[in-house]
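Have a look at this one.
Just so it is clear: chains get the letters A, B, ... in the order the sequence lines come, proteins before strands, and each one is counted from 1.
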Amino acid sequence: MSRGDEQSEAGESGAPEQLALIRETVRERKARQPRAKPRTWRNAERAARLPVARVLVDKGMVHLDRYFDYAVPAAMDEEAQPGVRVRVRFGAGEREGRREGGGLVNGFIVERRADTDFAGRLAPLAQVLSPEPVLGPELLQLCRAVADRYAGSLADVVQLAVPPRRARPEQQPSPRRLPRPDMPEPGGWSRYPQGPAFLAALREKAAPRAVWTALPGPQDWAVELATALATALAAGRGALAVLPDGKAAARLDAALTALVGEGRHVLLTADAGPEPRYRRWLAVRRGSVRAVIGTRAAMFAPVHRLGLVAIWEDGDAAHSEERAPQPHAREVLMQRAVTEQAAFLLGAHGCTVEAAQLVESGFARPLTAERETVRAVMPRVRTAAEGDEARDPAARSARLPSLAWRTARDALALGPVLVQVPRRGYVPRLVCERCREPARCRHCSGPLEAGAEGAALRCGWCAREVVDWHCGMCGGGRLRGSVFGARRTAEELGRAFPSVPVRTSGGEHVLETVPGGPALVVATPGAEPVPEGGEGYAAALLLDGWVLLGRPDLRAGEEALRRWLAAASLVRGHEAGGSVVVVAEETLRPVQALVRWDPAGHALRELADRAELGFPPVSRMAAVTGPPQAVAGLLEAARETGLPAEAEVLGPVPLPVPAAGRPRRPGDPPPGEQWERALVRVPRGSGAALASALKTAQVRRLTRREGPSAQLRIDPLDIG
DNA sequence: AGCACGCCGACT
DNA sequence: GTCGGCGTGCTC
């Protein structure tokens with residue numbers, strides 16, 4: 001037993017004498033019996049039929065990405081079925097029966113076989129952990145496809161797909177499956193010319209695929225998505241919806257419960273806690289529940305007879321898994337739609353370039369309302385220039401342009417007003433307030449960064465504190481970029497509208513809903529509460545647009561538009577007095593797209609730009625990151641392992657040093673090391689070859705230990 | 001990654 | 001002759 005375990009025991013048991021007693025007992029037990037080692041089964045009788053178990057060993061190392069055969073002791077014959085969790089000895093092998101060698105590792109049986117192609121003597125399975133077949137053939141196939149797509153190992157993907165075991169839920173039966181619900185009415189889908197046809201195809205168990213640009217409205221999307229899920233259920237098929245966060249998932253859950261009642265679907269989100277979550281996952285796996293609503297980990301949910309996969313707001317960064325090999329929910333669900341012949345529904349208020357690409361390539365059809373429908377239900381959207389400050393002194397100190405101030409004042413007579421302010425820390429860089437020159441460090445010319453509120457100004461490269469900054473160009477002494485946080489904005493607005501309650505939502509304190517009456521609701525993007533009563537906000541002010549637009553990222557425009565549309569969708573239509581003011585330069589493309597409410601058009605133009613630049617999703621990219629020789633070595637090896645001839649290597653370039661004080665993330669270089677990054681680009685059709693060549697090269701370098709290892713990332717997020 | 005095997009240099 | 005350095009390769 002390790003030190004850490006002893007310490008945690010001390011923490012729980014309190015009294016020191018008791019602790020000493022426990023230590024004694026542990027030591028005695030250790031001395032007498034070398035711990036409760038499971039039987040070795042070395043000479044045990046083997047299963048009569050199919051005595052070989054092919055096992056996926058649960059070690060993520062890419063160069064171990066294959067199966068291993070083990071002998072099945074007769075005593076385990078019945079339980080050792082494909083899909084169950086087992087423990088096996090793995091590592092330095094048994095030598096002439098002398099040593100047992102190797103530690104016990106977890107794994108999954110993927111197949112029972114009559115024979116093996118392994119020349120040596122098979123080691124026996126050590127233990128069947130539970131008879132629950134958690135990794136069935138369909139899920140295994142999906143994991144394999146995802147691992148290949150992302151140049152990762154099967155074991156890594158399986159770890160994402162199969163939740164850790166909990167004994168209690170496994171020992172309890174799942175509830176009986178309820179009969180199919182009634183077929184729902186199309187409802188809001190009738191507002192889309194192709195909507196009823198999409199539902200009809202679902203009813204007929206076909207596999208339609210659609211990119212759905214949802215009409216604005218605070219609740220409509222959830223009801224419509226629920227209708228699609230319920231239609232699949234009513235047709236006797238399973239359905240799965242993946243949403244970016246627990247809040248959105250809860251909304252869809254409520255909408256679906258209203259439609260089909262309880263017991264026919266489960267909510268798979270992290271905040272349920274591990275044991276209830278595993279219980280629900282098991283209910284899905286066992287087929288007693290056929291519909292799943294969840295956040296990204298639910299993308300692998302083993303739904304029986306899957307008829308529909310849906311993703312909401314595919315542009316949200318939360319859809320990208322952080323753990324290796326970082327699969328994206330949209331890609332995984334596309335894969336499932338194809339292999340499981342399920343319908344595919346990608347919905348959002350905005351439109352990503354990837355979604356536009358799905359339409360362009362013919363993978364999916366657009367599911368969009370007519371222009372006149374959009375115009376009828378959208379709020380009035382106007383732009384306000386930043387300089388155009390209000391005359392009202394309080395509004396001025398809240399940095400409200402006069403149009404924004406007037407709009408808020410008028411709308412407050414009708415209902416709540418949403419004020420969207422970018423998150424602090426989102427600011428790309430600090431600039432001189434007078435001449436807009438980026439603020440640089442006097443010593444190393446690195447970009448200056450404002451840390452947490454009240455913290456000193458620092459250089460993002462050398463971390464030196466800056467005490468008395470002056471602009472190197474014009475001598476100005478004031479910076480902009482230190483955007484007001486939501487709280488500060490709320491304070492200022494409170495002064496500008498003294499008789500109105502002000503609520504804030506963001507960061508640690510996210511509000512789900514707010515009362516429907518007049519109030520100012522200050523929220524950061526993604527944390528906008530929904531007004532109660534279903535009417536929506538009377539107005540929304542989208543402040544500091546330059547912050548969102550100014551990020552040094554290929555997606556800055558798309559992302560800004562996405563966040564604005566998400567907020568503006570919570571505002572009532574213009575006929576009901578709904579109004580949106582965006583504080584940003586009106587000539588910019590995303591701003592125009594918001595004013596015209598044309599996200600699909602915006603995405604198409606972005607897609608055309610990407611095509612011209614050869615950027616994803618028009619091409620497929622991989623990022624290779626690491627010490628210079630590792631990057632060079634991997635690229636060189638990949639040329640010998642089948643890198644497509646059309647592959648283009650961009651870079652390598654030095655990786656920017658992560659800002660001082662930011663917690664280290666996977667993919668960051670260790671402190672003091674200068675890493676590089678190269679991008680490898682291939683035409684879209686060669687993505688599989690790219691991933692496979694890089695993976696093979698990676699395996700080869702790891703097994704031969706040819707220098708330090710590099711990190712591999714397919715579809716890197718932060719390019720440009 | 002661990003971990004054992006193996007083939008050369010200083011030692012009882 | 002034998003112990004053990006860590007370079008190379010495998011893990012059913």
What parts of residues 66-78 of chain A reach DNA chain C, counting only heavy atoms under 4.0 Å away?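 Arg66(A), Phe68(A), Asp69(A), Tyr70(A), in order of number.
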Can you name the residues that form a salt bridge (Lys or Arg N to Asp or Glu O under 4.0 Å) with Asp148(A), not counting sequence neighbours? Arg144(A)
Enumerate, atom names and distances included, each donor-acceptor pair closer than 3.5 Å involving a side-chain atom of residues 327-334 of chain A, sequence neighbours excluded.
residue	atom	partner	partner atom	Å
His328(A)	ND1	Arg330(A)	N	3.0
Arg330(A)	NH1	Asp314(A)	OD2	2.7
Glu331(A)	OE1	Arg149(A)	NH2	3.0

Rounded to the nearest angstrom, tell me the gap between atom CZ in Phe90(A) and atom P in dC3(B).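 So the CZ-P distance, Phe90(A) to dC3(B), works out to 13 Å.
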Who passes side chain to side chain donor-acceptor pair (under 3.5 Å) against Glu640(A), sequence neighbours left out?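 With neighbours one apart ignored, the set is Arg700(A).
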Would you kindly give the CZ-to-C1' distance between Phe118(A) and dT11(C), to the nearest whole Å?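 Atom CZ in Phe118(A) sits about 8 Å away from atom C1' in dT11(C).
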Length of the line joining Leu702(A):CG and dT11(C):P, which is rounded to integer Å: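 For the pair Leu702(A) CG and dT11(C) P, the rounded distance is 17 Å.
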Do we see a donor-acceptor contact under 3.5 Å between the side chains of Arg286(A) and Ser174(A)?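 Present: a donor and an acceptor within the cut-off.
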Output the rounded distance in Å from CG (Leu104(A)) to P (dC12(C)).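 Going from Leu104(A) (CG) to dC12(C) (P), I get 12 Å.
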For Arg610(A), give me all partners under salt bridge (Lys or Arg N to Asp or Glu O under 4.0 Å), at least two apart in sequence or on another chain.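 Partners of Arg610(A) under the salt bridge (Lys or Arg N to Asp or Glu O under 4.0 Å) test: none.
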Could you tell me the separation between the NZ atom of Lys59(A) and the C1' atom of dC10(C), rounded to a whole number of Å?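 From Lys59(A) NZ to dC10(C) C1': 12 Å.
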Listed partners of Phe68(A) passing ring pair (Phe, Tyr, Trp, His ring centres under 6.0 Å), at least two apart: Phe90(A)
